[in-house]
Amino acid sequence: MRNLLPLIGSTGSHPGGRSAMTCRFRCGDACFHEVPNTTTNEYVGDVIAGALSRRSMMRAAAVVTVASAAGGAVVGAGAPEAVAQTAEGATPAAYNKGGKGARGLRFTPVAPNTADTVTIPEGYAQNVVIRWGEPILRGAPAFDPDKQSAKAQSGQFGYNCDYLGLLPLPGERGRQVLVANHEYTDEILMFKGYDDAKPTREQVEIAWAAHGLSVVVVEEDRKSGKLTPVPRHHLNRRVTATTEFKVTGPAAGSDLLKTSADPTGTKVLGTLNNCAGGETPWGTTLHGEENFNQYFANSSRATDKRYGIGTAASERKWELFDKRFDVAKEPNEVHRFGYVVELDPYDPTSTPRKRTALGRFKHEGATVRLTQDGRPVVYTGDDERFDYFYKFVGSKRMAHGHSRRAREHNLTLLDEGTLYVAKLTGDSPAIEIDGTGKLPKDGEFDGSGTWIPLATATAKGAVSHVEGMTAEEVFVFTRLAGDKVGATKMDRPEDIEPNPHTGKVYVALTNNTNRGVGTNAKADEANPRNANKHGHVLELTERWNRPESTSFAWSLFLVAGDPKDPATYFAGFPKDKVSPISCPDNVAFDRYGNLWISTDGAQLGYHDGLFGVATRGDRRGELKQFLTMPNGAETCGPIVQDRRVLVSVQHPGEIDDATVEDPASTWPDGPGTYVRPSVVAVYRKDGRDIGV
């Protein structure tokens, strides 16, 4: 793996619309490294390009009318109001003024813009629920960036919030339990005068404490709709890079996981780069360890190269302060990251668990549905160019109720079952796919797929279904198992979410600017464009609509980009009546079955945002922008409740050359303050439900 980390001051084009700083601190410049997957497996892009429906062809000449701007987006307390900007050349979309649109999406869409604020629709209000550094545990001090310490940070809300879960809190009216991931840290925006060549131990330990998870009870103001944290609540908790975790499932105790600090291979300190996640029907939360590779240094193994782990020093140089991050000194420590983590937010004394039965790769997240007989099915994507997406089908049924026995049983559900990887097949000849999004002769964009079993874990042991690999190897080197069975390469599969109304499964594929470049594979029927800057969304239908099925049908739901581009597609909805969208990332559903999509690295010249799109009925494909992000920020963790929408504003101000002393954003608290990743709640001023 080549080490091509750019300097902080570097400029120029970065894949996916990210700044050099984003590439550097979030994923260790993954897009600048060699593609880890060098197999010759079929590329999903070749599978998609063939089948935009005939309705798309009929409307290809349609010209987009960009949604009208929303007004008055107030930033954090004490900050000046930032007026939303209207995209250059935009004209009002009168079609959805006055409450028109699919139920749940009846709002005037926000225009694409570059305002340094969270811009929201007319008639809506917002508040910053919680910021990086706000104290949530007893004894934690108020945020003071000039007097920060690891001890203080370990009691405060962490950095770069991503996934959000909001769970009920029985017995405490008006309160809920907010769970947040903290994906990574931007040291250059956290510490004055930060020297990336010589980080101090104090800075590194603060960063360790700023990673991980936060659990904090929040309280609703019924009159205004605001959510505010309840400091020092007994359920509040911080999980950091030094918290003890239990390893469970088929790889627990494996020689591949044993280290000098843990000769049992069952205990791990910390969780890193937690991206998206999900809630389970039994009341826990799941958290995906994504770009864990960037924290490790000095590798020389082929298995590590397949995971993007570098041969030189790491960006943050944590290996200078803890040898477990030095692969040359502690070769198995890296095998203990890259899993789905399960947390019980109702028990602050519980030990979080890493679920090895769900495989090891760059998990974007993990979402759960149940089979008819009550067994869990977990969908998860591997966020890498040309990698795969997976599902796990459990073999044990969920126990109902809230007894101690039921909860203990349910905390074993993700340790036994079968792990599968997806293979997609298109129905058009490859010669008809030219990489531009032009339809094949059949005018359709669809196909079939199979779930290929990789390994099965039972209480008595595990069995591999991959020739030449043991079960332990499959669960620890899951990417290599996918390579061997010929899984279909995808364009950065991120969040995967089943629709609770229809059972259809939606896969967000963010982008892949390497498709068709150099020797990389060109477009195929499941990824319609070479140099795919904007990404797309697939819609899967499991056979008989049963999540345990081993076959499925797939079709294109959305091909992102400027609706004026003939290669874009919005499920057949007229393209002059949708908002432009680029780089779909996290997804969620509202009570009406509308899909809400947050974006990461939008490539249309505007800031990232949150969008709602109808998935059924005569407005299927109607996509509307609900909000936009401040300078440099990514939209994460969407939650869509009846009365409010929550988002994580991740890495605001993360723009090349930005520093604490010379920030690129003043959000959320205005000039003269630190830019701070935060959670924002949006609600209607009249107190009614969202989008009705």
Side-chain angles (χ1 to χ4, degrees), residues 3 5 7-8 21-29 132-133 137 140-141 143-162 181-214 238-245 259-262 268-274 289-299 309-330 333-334 336-338 650-651 654 658-661 674-677:
N3 185 6
L5 298 176
L7 298 176
I8 278 292
M21 189 186 298
T22 303
C23 293
R24 179 184 182 186
F25 283 106
R26 179 165 64 181
C27 58
D29 277 305
W132 161 50
L137 301 188
F143 179 66
D144 185 344
D146 294 323
K147 297 180 181 179
Q148 188 66 307
S149 67
K151 181 179 180 180
Q153 178 64 83
S154 63
Q156 298 167 336
F157 193 69
Y159 199 81
N160 269 341
C161 40
D162 196 304
N181 282 356
H182 301 293
E183 187 176 5
Y184 67 102
T185 48
D186 281 306
E187 282 81 348
I188 198 74
L189 300 180
M190 296 172 65
F191 306 117
K192 290 180 179 178
Y194 179 72
D195 184 350
D196 60 304
K198 296 180 180 179
T200 67
R201 172 171 286 278
E202 181 181 48
Q203 290 169 337
V204 168
E205 291 182 351
I206 292 171
W208 290 345
H211 277 72
L213 319 171
S214 288
R238 279 301 323 282
V239 174
T240 74
T242 58
T243 300
E244 184 174 298
F245 281 71
T259 67
S260 61
D262 172 34
V268 178
L269 291 184
T271 184
L272 298 171
N273 216 263
N274 299 95
E289 295 183 319
E290 193 187 21
N291 293 302
F292 65 92
N293 58 297
Q294 64 171 300
Y295 302 95
F296 293 88
N298 304 323
S299 172
I309 298 158
T311 59
S314 70
E315 170 60 41
R316 292 175 175 80
K317 298 180 175 56
W318 288 1
E319 66 273 15
L320 300 178
F321 304 95
D322 190 333
K323 71 174 185 177
R324 68 188 179 116
F325 297 107
D326 189 332
V327 177
K329 296 179 180 178
E330 198 64 79
E333 183 71 20
V334 71
R336 294 143 65 87
F337 292 85
Q650 194 188 76
H651 58 75
E654 193 178 69
T659 63
V660 170
E661 296 82 0
Y674 273 60
V675 61
R676 295 166 72 179

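Just so we're clear, the structure is a prediction, and the values are computed from it rather than from any experiment. In this chain, residues are counted from 1 in sequence order.
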Note to self: Between Y184 and Q650, is the side chain to side chain contact (heavy atoms under 4.5 Å, CB included) condition met? List the steps.
What the structure shows: CA-CA 10 Å; Y184 67 102; Q650 194 188 76; 3.9 Å; yes
Next item on the list: Please step through side chain to side chain contact (heavy atoms under 4.5 Å, CB included) for the pair R238 and Q153, ending with a clear verdict.
Entry: CA-CA 9 Å; R238 279 301 323 282; Q153 178 64 83; 3.8 Å; yes
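With sequence neighbours excluded, no residue forms a ring-ring contact (aromatic ring centres under 6.0 Å, His included) with Y674. In this view, K147 satisfies the salt bridge (Lys or Arg N to Asp or Glu O under 4.0 Å) rule with no residue, not counting sequence neighbours. For the side chain to side chain donor-acceptor pair (under 3.5 Å) test, no residue two or more places apart in sequence or in another chain qualifies with W318. By the side chain to side chain donor-acceptor pair (under 3.5 Å) test, K192 is found to be paired with D146, residues two or more places apart in sequence or in another chain being considered. The side chain to side chain donor-acceptor pair (under 3.5 Å) check on S154 picks up nothing, with sequence neighbours excluded. Among residues two or more places apart in sequence or in another chain, the side-chain contact (heavy atoms from CB on, under 4.5 Å) test is passed with K151 by S149. Every residue two or more places apart in sequence or in another chain that forms a ring-ring contact (aromatic ring centres under 6.0 Å, His included) with F337 is listed here: F296. Judged as a salt bridge (Lys or Arg N to Asp or Glu O under 4.0 Å), and not counting sequence neighbours, D144 has no contacts. For R676, the salt bridge (Lys or Arg N to Asp or Glu O under 4.0 Å) partners are D669, not counting sequence neighbours. For E333, the salt bridge (Lys or Arg N to Asp or Glu O under 4.0 Å) partners at least two apart in sequence or on another chain are R324, R336. Taking the side-chain contact (heavy atoms from CB on, under 4.5 Å) definition, one finds that A261 meets it with T259, sequence neighbours left out.
Looking at L137 and F157, their side chains never come closer than 4.5 Å, going by heavy atoms from C-beta outward. In this structure, the side chains of E319 and E330 stay at 4.5 Å or more apart for every pair of heavy atoms. Looking only at side-chain heavy atoms (C-beta outward), P199 and Y194 come within less than 4.5 Å of each other. Side chains of F292 and V334 form a contact here, defined as non-hydrogen atoms less than 4.5 Å apart. Looking at T243 and L269, their side chains never come closer than 4.5 Å, going by heavy atoms from C-beta outward.
Under the 3.5 Å distance criterion, with hydrogens and angles disregarded, no donor-acceptor pair is assigned to the side chains of Q294 and E315. Between the side chains of D162 and N274, no donor-acceptor pair of N or O atoms lies under 3.5 Å. Side-chain atoms of T185 and E187 form a donor-acceptor pair, as typed in the model, at a separation below 3.5 Å. A side-chain donor from one of Q148 and Q156 sits under 3.5 Å from a side-chain acceptor of the other.
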Give the table of side-chain donor-acceptor pairs shorter than 3.5 Å for residues 204-211, with sequence neighbours excluded, one pair per line with atom names and distance.
residue	atom	partner	partner atom	Å
E205	OE2	R201	NH1	3.2
H211	ND1	A207	O	2.8
H211	NE2	Y295	OH	3.0

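Checked by atom type and distance alone, the side chain of N293 never pairs as donor or acceptor with a backbone atom of I309 at under 3.5 Å.
Rounding to the nearest 0.5 Å gives a distance of 3.5 Å between OG1 of T271 and CD of E289. With values rounded to the nearest 0.5 angstrom, E183 atom CD is found 10.5 Å from C161 atom SG. Once rounded to the nearest 0.5 Å, the distance linking CG of N298 with CZ of F325 reads 13.5 Å. A distance of 9.5 Å separates CG in D186 from CH2 in W132, rounded to the nearest 0.5 Å. Distance check: D262 CG to E244 CD gives 8.5 Å after rounding to the nearest 0.5 Å. To the nearest 0.5 angstrom, H182 atom NE2 is 12.0 Å from Y159 atom OH.
Atom NZ of K317 has more than 12 neighbouring heavy atoms from other residues, nucleotides or ligands inside a 6.0 Å radius.
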